[in-house]
Amino acid sequence: MNKTVIGVLASGRGSNLQAIVDAIEAGRLDAKIGAVISDNPEANVLKRMAASDIPTICIDRRQFARRQEFEAAVAEELNIRHVELVVLAGFMRILSSYFIDRFAGKIMNIHPALLPAFPGEDAQQQAVDYGAKVSGCTVHFVDEGMDTGPIILQEAVPVLEDDTAETLSERILHAEHILYPRALALYCDGRLKVEGRRVQISEASSDK
Ligand code: GRF
């Protein structure tokens with residue numbers, strides 16, 4: 001089977017992208033990164049990829065008057081590079097239906113909480129403030145809502161008595177780096193089927 005071409009959209013640190021790159025190199029994920037696109041010229045993710053042969057592109061949101069023009073430019077880059085799955089990895093922009101319709105069912109995100117708990121920004125702080133005993137991370141398909149798309153995989157981590165948002169974020173991030181490549185591998189191996197809100201995961205075929 002041909003490798004699935006993925007396009008990663010990221011705005012910041014890029015540790016999830018690194019975990020994806022590592023999974024590909026280790027043979028745990030049968031994919032090829034066609035492009036890494038950042039909306040932020042200062043993003044560490046661009047520096048992180050500088051020494052690799054992965055194409056990195058900066059599409060600065062500030063250069064566009066309207067969101068749709070920005071999204072059209074991102075979509076065009078993804079299409080030029082034949083991207084089949086869009087992977088949001090710390091992408092700090094909300095995508096409109098204009099973009100989502102163009103990649104319907106083909107956009108994934110990772111969120112640092114057990115959805116539907118604590119959607120939106122500062123999910124780890126929300127979990128600490130709420131007094132939750134357990135939080136974690138969720139990989140989901142992206143729909144037009146805020147962190148509301150069908151859930152693919154989740155991993156729980158404990159919230160400890162003396163946790164701050166920072167210490168909890170670190171624990172969750174460790175789980176993210178394992179969960180996101182696993183979810184991507186399920187997609188790339190053709191094992192995900194979305195039925196309404198539910199994502200069915202089929203058994204691995206034995207001929208692989
Ligand atoms: C992660 O915590 C992820 O859950 C959230 O944004 C953060 C990105 O971190 N969506 P990194 O840029 O991958 O290090």
Side-chain angles (χ1 to χ4, degrees), residues 6-26 28-29 31 33 35-52 54 56-61 74 85-95 99-100 103 107-130 132 134-159 163-185 187:
I6 64 177
V8 179
L9 307 189
S11 306
R13 181 175 52 187
S15 70
N16 276 287
L17 170 60
Q18 187 67 56
I20 293 165
V21 170
D22 293 348
I24 292 173
E25 282 176 0
R28 283 181 277 118
L29 171 58
I33 301 180
V36 172
I37 300 179
S38 179
D39 58 310
N40 168 17
E42 311 301 326
N44 189 54
V45 69
L46 294 173
K47 299 182 194 111
R48 202 189 266 272
M49 289 298 115
S52 77
I54 296 170
T56 53
I57 303 144
C58 179
I59 302 180
D60 189 344
R61 172 65 180 89
V74 174
L85 177 69
V86 181
V87 174
L88 308 185
F91 187 62
M92 299 307 285
R93 303 264 164 205
I94 294 171
L95 294 165
F99 185 91
I100 292 167
F103 295 93
I107 311 174
M108 270 190 206
N109 182 43
I110 188 157
H111 181 74
L114 293 177
L115 291 170
F118 313 129
E121 282 183 24
D122 300 323
Q124 303 93 332
Q125 186 70 58
Q126 290 185 55
V128 170
D129 292 347
Y130 198 83
V134 174
S135 191
C137 49
T138 303
V139 181
H140 63 95
F141 284 112
V142 172
D143 65 9
E144 277 149 34
M146 170 69 88
D147 301 321
T148 53
I151 290 171
I152 302 165
L153 289 178
Q154 296 188 295
E155 184 72 34
V157 306
V159 182
D163 261 338
T164 61
E166 288 70 35
T167 57
L168 178 60
S169 298
E170 214 175 298
R171 195 173 309 116
I172 293 174
L173 194 63
H174 181 71
E176 290 182 36
H177 294 163
I178 299 164
L179 199 71
Y180 215 176
R182 271 181 50 210
L184 291 170
Y187 183 94

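One-based numbering, in listed order, for ligands and for the atoms of each.
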* Asked: Numbering the atoms of ligand 1 from 1, which are under 4.0 Å from a heavy atom of P112?
  ->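 Listed by number with element: 4 (O).
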* Asked: Is the shortest distance from a Lys or Arg side-chain nitrogen in R93 or D39 to a carboxylate oxygen in the other one below 4.0 Å?
  -> yes
* Asked: Below 4.0 angstrom, N of the basic side chain to O of the carboxylate: do D163 and R171 qualify?
  -> yes
Compute the shortest N/O to N/O distance between [X] and ligand 1 and return yes if it is under 3.5 Å, no if not.
{"X": "N16", "result": "yes"}
{"X": "R13", "result": "yes"}
{"X": "E176", "result": "yes"}

* Name the closest protein heavy atom to atom 8 (C) of ligand 1, giving the residue it belongs to and the distance to 0.1 Å. => G90 CA, 3.6 Å
* Taking atom 5 (C) of ligand 1 as the reference point, the nearest protein heavy atom with its distance -> I110 O, 3.9 Å
* Asked: Does Q126 use its side chain to pair, donor to acceptor, with the backbone of P119 at less than 3.5 Å?
  ->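 Yes, Q126 side chain to P119 backbone: donor-acceptor pair under 3.5 Å.
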* Structure fact -> Sorted by chain and number, sequence neighbours left out, side chain to side chain donor-acceptor pair (under 3.5 Å) with D122 holds for none
* Among all residues two or more places apart in sequence or in another chain, which pass the side chain to side chain donor-acceptor pair (under 3.5 Å) test with T56? ->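 Side chain to side chain donor-acceptor pair (under 3.5 Å) check on T56 returns nothing, list empty.
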* What do you reckon, is CD1 of I178 surrounded by more than 12 foreign heavy atoms closer than 6.0 Å? -> yes
* Does ligand 1 have any atom that is closer than 4.0 Å to a heavy atom of G14? -> yes
